[in-house]
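Everything below concerns the one structure shown next.
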Amino acid sequence: MTAARFRAKIGRPYERGEHVKPEARIGEIAKFEGKEVTLCGWVYNIRSSGKIHFLLLRDGSGVIQCVAGAKDVSPGTFEAMKSLTQESSVIVTGSVRAEKRAPHCGFELTLKDVKILQIAKDYPISPKEHGPAFLLDNRHLWLRSLRQVAIMKVRNTIIRAIRDFFDQNGFLLIDSPIFTPAACEGTSTLFETNYFETKAYLTQSGQLYNEATAMAFGKVYCFGPTFRAEKSKTRRHLTEFWMVEPEMAFYDLGDTMDVCEDFLCFVVSRVLERNRADLDVLERPAGPLENVRKPFPRITHAEAIAVLRKAGAEIADNADFGGDEETILTKQFDRPIMVHRYPAEVKAFYMKGDPADRSKALCVDVLAPEGYGEVIGGGQREDDLDTLVAAIKKHGLPEEAFTWYLDLRRYGSVPHSGFGLGVERTVAWLCGLHHVRETIPFPRMMERVTP
RNA sequence: UCCCCGGUAGCUCAAUUGGUAGAGCGGCGGACUGUUAAUCCGUAGGUUCGAGGUUCAAGCCCUCGCCGGGGAGCCA
């Protein structure tokens, strides 16, 4: 449309530089019942019966139906509204009233005026169905949809709850570096970067650094992005994801399991408290989340193997669990389960051996229910210098890269433990999502780094 | 890295055993005073992922490649 034609169609054109601050947000529209308000937002959908327009407006906090009869607004504005399209940006003024017939929020706005900021031409995401590839290509726009907004709100609550939990329990936030000189664990593949004349790698865990800061401050946690270059293509994997990792000096495995339990209960209850409406949008039943209460079942790896065999799975005594095994296992319980004391051979070099059985590691995985799998991995760290040196050699790792880490065992070594929680897997679980790619604003996967 | 599935209009998909490429939605034009993914009428829109091959004839069959999805391993 030409500018001249656009102006001709509009009753009251929006003048550049004319600033209108929103008086209200849709999410709190109930406070304005009976009053006239100005709302700023985007057209979610528009329907018309010729002499009456129904405009669904969204502003990120909610959606409200706005109604304009032919006599409610000026003839020019009424005519201009016919040009509105999905995602056009508008500033509307009208009076708020409760309306049972209105979808979404139970209130409706009788319009008095509409200012059009910009007409969106051919918005690619229609209200109909789309495939995942198309939606991911349009992630920058997909984020506007009600579902995606609801997920991001739950994510926000989870992140806030994580920080509040540790803050309220005497932990110090002390972040670990993103650039690291070498493998933390030696198992995962790392992203390599040019670091001036040498190489550096993107971190796959802040844990080793946490062990240093725990010796300085007692109880610490780091919270930031983590990178794994593994060529994983599953619903549980991203190459860039967020992880929170607490580390506690003088805590043993049992103490750490207590923290896991309290921590998860805190996060889940916070979401239930603040995001009921978002869970409804996502059609996520709250029932299974309300079951997330202490105590969580604690079973050893050996007991888990027995449970799996009883359920018909074929699995070796010293095997780690795959996705299928995790699903079988978690479906036996109505809340997260803590599986501890895995065979030492399948775990990282820094895991402390169980004094009662050296072939077992003092570690714990927390498996979310409903088949969501491992959301937490953690355990007690080896605190004896000689044992740790031997473990590094046994895993074929370069000892010289760990001199600083070994210093922690030379100068006042103490029992200590910690764990890591994957934010995206937690969001997927609490939101009841099929895939973690919807849980982060711009997902990074093996075959995708755009937008 | 391995296994499976797929790529047709802007999107979601259809197209009989190889025989004239279609629908819904979205777009555009029009009608309609309570719509609920509104409805109704009209209309435009295609290098069927790419290259090669078989055939009178290929969206369909064959080969190679590219891209995507799901899963395995590994992991949070």
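Just so we're clear, the structure is a prediction, and the values are computed from it rather than from any experiment. Quick note on labels: first sequence line is chain A, next is B, and so on, each numbered from 1.
As rounded to the nearest Å, G19(B) and A57(B) have P atoms that lie 14 Å from one another. Distance check on atom C1': U48(B) versus U1(B) gives 32 Å, rounded to whole Å. Taking atom C1' on both nucleotides, U55(B) is separated from C67(B) by 29 Å, rounded to a whole Å. U17(B) and C61(B): their C1' atoms are spaced 12 Å apart (whole Å). Here, G46(B) and C66(B) have their P atoms 30 Å apart, quoted to the whole Å. For U16(B) and G59(B), the P atoms lie 12 Å apart once the distance is rounded to whole Å. Comparing C11(B) with C49(B), their P atoms sit 13 Å apart, to the nearest whole Å. The same atom, P, is picked in G7(B) and in U12(B); the two are 12 Å apart, to the nearest Å.
Atom P of nucleotide A76(B) and atom CZ of Phe223(A) are separated by 16 Å, given to the nearest angstrom. In this entry the distance linking CD1 of Ile315(A) with P of G73(B) reads 10 Å, nearest Å. U33(B) atom P lies 10 Å from atom NZ of Lys82(A), rounded to whole Å. Atoms CG (Leu141(A)) and P (G26(B)) sit 18 Å apart, rounded to a whole Å. When the P atom of G34(B) is taken as reference, atom CD of Gln65(A) falls 13 Å away, rounded to whole Å. Counting to the nearest Å, the P atom of A76(B) and the CZ atom of Arg155(A) are 17 Å from each other. What separates CG of Leu136(A) from P of G68(B) is a distance of 11 Å, to the nearest Å. The distance between atom CD of Glu240(A) and atom C1' of A76(B), rounded to the nearest whole Å, is 14 Å.
Using a 4.0 Å heavy-atom distance criterion, Gly377(A) is classed as a sugar-phosphate-only contact. Heavy atoms of His237(A) sit under 4.0 angstrom from at least one base atom. Residue contacts shown for Arg235(A) are limited to sugar-phosphate atoms, with no base heavy atom under 4.0 Å away. Within the 4.0 angstrom heavy-atom criterion, only backbone atoms of the sugar-phosphate kind lie near Asn45(A); the bases stay farther away. Using a 4.0 Å heavy-atom distance criterion, Thr426(A) is classed as making no nucleic acid contact.
In this structure, the separation between CD1 on Ile116(A) and CE on Met81(A) is 8.0 Å, given to the nearest 0.5 Å. One distance of note links OG1 of Thr85(A) with NZ of Lys121(A); it measures 8.5 Å at 0.5 Å rounding.
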**OP:** Starting at the 5' end of nucleotides 2-11 of chain B, put B wherever the base has a protein heavy atom under 4.0 Å, S where only the sugar-phosphate does, and a dash everywhere else.
**Re:** ---------S
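Searching all strands for a Watson-Crick or G-U wobble partner of G6(B) with both distances below 3.5 Å returns C67(B). Nucleotide A37(B) has no partner under the Watson-Crick or G-U criteria, as no pair reaches both atom distances under 3.5 Å. Partner assigned to A72(B) is U1(B), using Watson-Crick or G-U wobble distances below 3.5 angstrom. Across every strand in view, G42(B) sits in a pair with C28(B) that passes the Watson-Crick or G-U test at under 3.5 angstrom.
Listed in residue order, the members of residues 330-344 of chain A having a heavy atom less than 4.0 Å from RNA chain B come to none.
Among the candidates Lys219(A), Met257(A), His416(A), the single residue satisfying the side-chain contact (heavy atoms from CB on, under 4.5 Å) test with Tyr251(A) is Lys219(A). Partner of Pro443(A) under the side-chain contact (heavy atoms from CB on, under 4.5 Å) criterion, chosen from Thr239(A), Val436(A), Leu238(A): Leu238(A). A ring-ring contact (aromatic ring centres under 6.0 Å, His included) with Phe263(A) is found for exactly one of Phe171(A), Phe165(A), Tyr221(A), namely Phe165(A).
Listed pair Arg228(A) / G73(B) fails the phosphate criterion, with no side-chain N or O lying under 4.0 Å from OP1 or OP2.
Between the side chain of Arg448(A) and the base of C67(B) there is no donor-acceptor pair of N/O atoms closer than 3.5 Å. Checked by distance alone, Gln86(A) brings no side-chain donor or acceptor within 3.5 Å of a matching partner on the base of G27(B).
G34(B) has no stacking from Phe54(A) on its base ring, since the centres under 5.5 angstrom apart and planes within 30 degrees of parallel are not both found.
Ring pair Phe191(A)/Phe227(A) is perpendicular by interplanar angle, where above 60° counts as perpendicular and below 30° as parallel.
In this structure, Arg309(A) places its CZ atom where more than 12 heavy-atom neighbours from other residues, nucleotides or ligands lie under 6.0 Å away. In Glu283(A), the CD atom is not crowded: 12 or fewer heavy atoms of neighbouring residues, nucleotides or ligands sit closer than 6.0 Å.
Of the listed nucleotides (G34(B), A76(B), G70(B)), A76(B) has the atom at the smallest distance from the side chain of Leu238(A). Residue Thr234(A) has its side chain nearest to G73(B) when only G73(B), G68(B), U35(B) are considered. Side-chain atoms of Ile52(A) lie closest to U33(B) of the nucleotides U33(B), A76(B), C28(B). Listed nucleotides U33(B), G69(B), G71(B) differ in distance to His434(A); the shortest reach to its side chain belongs to G71(B).
Side chain of Arg228(A) to backbone of Leu190(A): no donor-acceptor contact under 3.5 angstrom is found. Judged by distance alone, with hydrogens and angles left aside, the side-chain atoms of Glu370(A) form no donor-acceptor pair with the main-chain N or O of Tyr372(A) at under 3.5 Å.
With ring centers used as reference points, Phe166(A) lies 6.0 Å or more from Phe223(A).
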Name every donor-acceptor pair, under 3.5 Å, that has one atom in a side chain of residues 39-52 of chain A and the other anywhere in the protein, sequence neighbours excluded.
residue	atom	partner	partner atom	Å
Ser48(A)	OG	Gly50(A)	N	3.1
Ser48(A)	OG	His53(A)	ND1	3.0

